[in-house]
2 protein chains.
Amino acid sequence: MSRARRALAPSPDTPVPPAVEADLRVDLGPLPNLVGYAMRRTQVAVFADFIATLSELGLRPAQFSALLLIDRNPGRKQSEIAEALGIQRPNFVAMMDEMDRRGLTRRLTSETDRRSYVLELTEAGRTLLERAVELVSEHEARITRDLSRDEVDLLLGLLARIAN
Amino acid sequence: MSRARRALAPSPDTPVPPAVEADLRVDLGPLPNLVGYAMRRTQVAVFADFIATLSELGLRPAQFSALLLIDRNPGRKQSEIAEALGIQRPNFVAMMDEMDRRGLTRRLTSETDRRSYVLELTEAGRTLLERAVELVSEHEARITRDLSRDEVDLLLGLLARIAN
DNA sequence: TATTGTTATACTCTATAACTATA
DNA sequence: TATAGTTATAGAGTATAACAATA
């Protein structure tokens with residue numbers, strides 16, 4: 001009998017759809033009105049496109065952002081790059097191993113602290129990153145194609161004010 | 001030498017911060033201006049709060065949305081609920097097993113098709129869902145506390161226009 | 001003592017192939 | 001022949017404890 005009480009969102013109370021369609025679509029209830037749910041669903045779709053975009057270069061999202069940060073932050077330690085990306089240090093090791101093996105990055109033993117590595121891109125790494133940046137730029141244009149520049153800025157601003 | 005070319009975002013060209021701080025923060029480059037990156041970072045933070053919110057009921061996010069859909073869609077098959085949630089059918093089985101075991105849901109063999117199950121909530125399931133809906137409502141208010149009602153609607157609208 | 005990179009490990013989420021029983 | 005639920009399995013991503021080398 002009783003549906004769980006609507007403690008959520010001032011329901012827009014969508015009018016009951018015509019009988020034919022009524023049985024086809026599953027009622028998502030308040031889910032579409034939840035910021036968390038909407039953001040997750042959208043993010044999953046965007047991420048899928050992002051992964052597909054980079055896959056032609058054999059890069060995964062975390063690798064792309066790692067290359068970007070290494071390029072922009074010469075002299076930084078492995079642990080600093082990892083932390084900035086929100087990646088646990090242990091999990092960053094295998095990622096660096098693979099990128100080293102592919103000849104995209106190099107780990108130089110620091111001259112001031114022999115415990116740590118200084119990361120840098122190889123020439124191949126820089127070339128690949130440039131191509132990746134182009135592809136990501138296209139991806140960005142693709143996912144925001146229905147939004148104006150102002151709307152994109154608005155979205156970025158709103159996202160920055162969530163969950164802080 | 002050459003940083004990877006800025007094919008991305010009309011950089012707001014943040015003025016170089018004072019020398020003291022310059023070394024502390026890792027330069028994220030164009031990442032913060034990428035909708036995908038911003039959305040992922042925000043979503044991770046929101047999801048962490050969501051998981052913590054439901055953990056006191058022993059529910060995980062997918063279980064919450066499953067309970068919600070079962071409650072709202074009496075007579076639906078297991079596979080229909082799973083698909084509406086974007087969960088692979090095989091992965092939904094263990095979830096239903098656990099919720100059945102906890103006495104939150106029941107699987108009734110369909111009278112019209114003996115291959116399929118009709119899902120329903122038990123009284124305990126409905127009670128737990130009601131409490132969960134309250135907690136999620138508080139979570140929603142918490143993550144959007146810096147936004148007006150109009151801004152939340154604006155955000156939902158913008159998200160809906162991404163990656164479709 | 002504390003930190004850096006590392007190894008080992010475990011847990012969750014997700015994805016696919018293949019089985020069974022029904023249709 | 002196709003579909004619903006299931007099993008088994010594999011791959012990401014993520015998290016923590018603990019060790020060796022160094023500070």
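The sequence lines fix the lettering, A, B, ..., with proteins before strands; numbering per chain opens at 1. Basis for what follows: all heavy atoms, side chains included, without hydrogens, waters or symmetry-related copies.
Counting only heavy atoms from C-beta outward, the side chains of A/Arg106 and A/Thr122 approach each other to under 4.5 Å. Counting heavy atoms from C-beta on, the side chains of B/Thr105 and B/Gln78 never come closer than 4.5 Å.
Nearer to the 5' terminus of DNA chain C, by closest-nucleotide assignment, is the contact made by A/Tyr117 (compared with the other of A/Asn91 and A/Tyr117). Heavy-atom nearest nucleotides on DNA chain C were determined for A/Asp113 and for A/Val44, and the one closer to the 5' end corresponds to A/Asp113.
Out of C/dA23, C/dA8, D/dT7, the shortest distance to the side chain of B/Val93 is found at D/dT7.
Under the side-chain contact (heavy atoms from CB on, under 4.5 Å) test applied with B/Tyr37, the options B/Arg40, B/Met39, B/Arg41 reduce to a single match, B/Arg41.
Straight-line distance from the CE atom of A/Met96 to the C1' atom of C/dT7: 17 Å, rounded to whole Å. Rounded to an integer number of Å, the gap from B/Leu119 CG to D/dG5 C1' is 11 Å. Per the geometry, CE belonging to B/Met95 stands 9 Å off P belonging to C/dC13, to the nearest Å.
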Subject >> Worked verdict on A/Leu59 versus A/Leu67 for side chain to side chain contact (heavy atoms under 4.5 Å, CB included) >> reply: CA-CA 10 Å; A/Leu59 282 183; A/Leu67 291 178; 3.9 Å; yes
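Residue-to-nucleotide contacts include a donor-acceptor pair under 3.5 Å from the side chain of A/Arg115 to the base of C/dT3.
Residue B/Arg89 is classed as a base contact, given a heavy-atom separation below 4.0 Å to a base. Residue contacts shown for A/Gln78 are limited to sugar-phosphate atoms, with no base heavy atom under 4.0 Å away.
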